[in-house]
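Below: one structure, written as structure tokens.
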Amino acid sequence: MYRYDEFDAAFVHQRVEQFRDQVARRLNGSLSEDEFRPLRLMNGLYLQLHAYMLRVAIPYGTLSSRQLRALAEIARRYDKGYGHFTTRQNIQFNWPALADIPDILLALANVEMHAIQTSGNCIRNVTADAFAGAAADEIEDPRVTCEIIRQWSTLHPEFSFLPRKFKIAVTGAPTDRAAVAVHDIGLKIVRNDAGEVGFEVAVGGGQGRTPMIAKVVRSFLPRRYLLSYLEAVLRVYNQLGRRDNLYKARIKILVHEVGTETLTQMIEDEWALIKDGPVELPAGEQERIGRYFAPPPFANLPAEAPGYEAERRRNEAFAAWTRTNVEAHWQQGYAIVTLSLKPAGGVPGDATAEQMDAIADLADRYSFSEIRVSHHQNLILAHVPRADLPDLWRALVALGLATANIGRVSDIIACPGLDFCSLANARSIPVAQRLSERFRDLDRAHDIGELRLNISGCINACGHHHVGHIGILGVDKKGEEFYQITLGGSSAEDAALGALVGPAFAADQVVDAVETIIETYRTHRRNGERFLDTYRRVGLAPFKESLYATA
Amino acid sequence: MKPQILTANRLRDGIVVFFTRDGGWSERIDDSWVSDDEASRAELVAAGERAVAAGTVVGPYLIDAAVSGGHIRADRLRERIRAAGPTAGSEQTLKYV
Amino acid sequence: MPLLKSGSLVDDPWISLADGEPLPAQGAIIVSLKRWRDERADLIARTNGLGVCLAAADPAAAVAADLPLLALIALEFPTFRDGRAYSTARLLRERFGFKGELRAVGNVLRDQLLFMHRCGFDAFEVKDAAAVDEWKQAMSEISVFYQTAADSRATAIQLRQQRRSQS
């Protein structure tokens, strides 16, 4: 993974001291809250419902074991002993004191981390496929691109006061695990007919109150033009994006209002004037960064791991876990393991300091000291020898991290909701908890098969409800929590926005409603098709009927 | 007049606090000074502005509340959660250690 | 309003004229884009300095052809959140080669001076005299830059390349 050199290290430490001065000015009264707010937001610090919340960037979701231990230490020393992993592959601390933030940022800087641009109307932390560098179907490790973008976008003088926040995601594989279609810019690494590697560029995806699927503006961008093309997109957006209405300020609205063709032309016109200019990476820089993401020193392992196969035969719980939480690795003898942060009744995405420390130890032992955060709010050990899977599984069981539910109904994405967030209209976490309890029987969950269930506590859609196969949106009706349900969304390569199934359900009805939807699917499915495919074949009608016929 | 109380977040640590009868700030909603007339309402607003100017709290605002049996209950769910803490979260997470 | 230039407060020799305000006989003046368009001939006929103030929505291209006639361009920040003028500034400097004074006016905050300077601004209308110390701090607190802009600061990439070629 990427390591800071002296320039990067100097930069983050300068940034800590800059914020230390800003916090001191706030505490001594020389900065008002109005003046301080944009400064703290540029360092990822919010004031939430109960306390300050610090969002720490985990670039493209990759952590070293040393960094994860530092996060555990911050959780223990400055927070309440846990952290919350988010859909942008970041971690949030819910209870830090303002006066401690400079020291927390220093602790982060000491392990090559920061909280820069995790908030504000700037280019946010760039996200990537959590299986980067490991996925069997990968064309190229997307993190090289992400790191180039991270550096270019860091305190960009022209693009730090955009009309609205700006999110970029990169996938290096045809299977989209990075939700690129719902980002302001989604980059797909592709090969052209000549076999050259470049990007398919899509612009204007997003969720929130006006969800949109990104439109392809360039089917092949040669790799060397990455930065000039991004600069062209951002410059067009910075100049023309709406600034009169917060809710219409994202680039998706610009795409919608001027049309994909016109916007594409504007980007191309701007790009023609800056390509091959000083913004391009000089020769050798891509390769220099690429070397940081070279594969770890894999051992030459046999394809078969007899101990693993034997354990699968005699231990059904282990076998079930390997079916859902273990994925193919391109390197023979290795596997990708997802650690579920979704235990029955748990809080999606939360991990305790003790769990983080233990995961760091497991990463050291089994996965080249590297950990990933997925946008589904789980953690991943990307390079585990198959022969070690039984031992790893036993360790994860003891830590409560081996729930065999990845990609299943209880692998729920949920935003913090009204329990923590000052913008929320309804709670998300208790709904996720009740749903994961209802579907805690893993045999039943496996029979239901792949299902993405996403919950947001307000229309800002941090819980990605628009792209859940089943999406739940909390709304406030005269002081009561109600939940709207959408069906048919997807954030993968078959990206789609869910359709509203009908009137909202009261808090005490929503779990039953989801169960009714799932039973309706089981009635209609053919030949083991997924929920999403059944829905696409039969449409909303049977679900409406079973949900509302008796009402 | 509908009873109201004054709440804010403490500047230094962000913790939710309520303005009290004795002119201070408490983490317990039950300590709140309940205003039910114009004069005390104005006093609460002024107290909030003074506390902001003094750098004690951030973002003070009035909320509707009801008093019964010596306890104060905010009308809105959001404010009840602010007063009592998350209804789900850390305890559930720490249980899995 | 105090004017910060080259790190110190200077007397502002420029007069900002509202639309409709009569042209003074002497002195350098700054007019709006509308007035520049409406009274172009009269304004060129004056021999004193001429500047145009662009609103946040005015593109750089609106004055690109006139740059030889202009000694100053002021770009307005209606609020600190409105970042359009950063793009305008870079385009005026980098694409259209404007060499005159590029002045930031409006909601110009201490914590944005570095961004503005990097985008090519060299004069700043500021709130008060404290700006001089703030300027010094803003220019010195960060010394690593990750992207090229309109300034001459070396980027981290350039410094890395230099170091490699020396070793």
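A, B, ... follow the sequence lines: proteins, then strands. Residue 1 opens every chain.
At a 4.5 Å heavy-atom cutoff, the contact between C:L91 and chain A is made by side-chain atoms alone. Using a 4.5 Å cut-off between heavy atoms, A:E158 contacts chain C through both its backbone and its side chain. Proximity to chain C (any heavy atom under 4.5 Å) is restricted, for A:R288, to the side chain, taken from C-beta onward. Residue A:E280: no heavy atom, backbone or side chain, is found under 4.5 Å from chain C. Only the side chain of C:Q112 comes within contact range of chain A, judged by heavy atoms closer than 4.5 Å. Only the side chain of A:L39 comes within less than 4.5 Å of a heavy atom of chain C; its backbone N, CA, C and O stay farther away. A:D5 touches chain C through its side chain: at least one heavy atom from C-beta onward sits under 4.5 Å away, while N, CA, C and O do not. In this structure, no portion of C:E94 lies under 4.5 Å from any heavy atom of chain A.
Applying a 4.5 Å heavy-atom cutoff, the residues of residues 236-252 of chain A that approach chain C are A:N238, A:Q239, A:R243.
Of all the listed residues (C:R95, C:Q137, C:Q161), the one sharing the greatest number of non-hydrogen pairs under 4.5 Å with chain A is C:R95. Taking chain C as the reference chain and counting heavy-atom pairs below 4.5 Å, the highest number among A:L155, A:L281, A:N121, A:L234 is found for A:L155.
The structure places OG of A:S160 at 10.0 Å from CZ of C:R118, a figure rounded to the nearest 0.5 Å. To the nearest 0.5 angstrom, C:I157 atom CD1 is 6.5 Å from A:I289 atom CD1.
Although no hydrogens or angles enter the test, the distance criterion places a donor-acceptor pair under 3.5 Å between the side chain of C:Q147 and the main chain of A:T154.
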Please report the C-alpha distance between C:R163 and A:F7 in whole Å, then the side-chain angles of each, then the deciding distance to 0.1 Å, and finally whether the side-chain contact (heavy atoms from CB on, under 4.5 Å) criterion is met. CA-CA 11 Å; C:R163 193 185 47 183; A:F7 302 110; 4.0 Å; yes
Passes salt bridge (charged side-chain N to carboxylate O under 4.0 Å, His left out), A:E231 versus C:R90? Steps please. CA-CA 12 Å; A:E231 192 138 311; C:R90 282 195 70 185; 3.0 Å; yes
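Within 6.0 Å of atom CD in C:Q26, 12 or fewer heavy atoms from other residues, nucleotides or ligands are found, so the atom counts as exposed in its surroundings. Around the CZ atom of C:R164, the shell of radius 6.0 Å holds more than 12 heavy atoms that belong to other residues, nucleotides or ligands.
In this structure, the side chains of A:E35 and C:R110 stay at 4.5 Å or more apart for every pair of heavy atoms. By the 4.5 Å heavy-atom criterion applied to side chains, A:F159 and C:S87 are counted as neighbours. At least one side-chain heavy atom of C:F80 sits under 4.5 Å from a side-chain heavy atom of A:P38. Within the 4.5 Å cutoff, no side-chain heavy atoms of C:F115 are placed close to those of A:H156.
With no hydrogens or angles considered, no side-chain donor-acceptor pair links A:Q18 and C:D111 at under 3.5 Å.
Residues meeting the side chain to side chain donor-acceptor pair (under 3.5 Å) test with A:H13, sequence neighbours left out: A:N110.
Taking the six-membered ring for Trp and the full ring otherwise, the centers of A:F11 and C:Y146 sit less than 6.0 Å from each other.
Between C:R160 and A:E6 no salt bridge is recorded (no basic side-chain N to carboxylate O distance below 4.0 Å).
Pairing each heavy atom of C:A149 with each of A:P157, the nearest pair is CB-CG, 3.9 Å.
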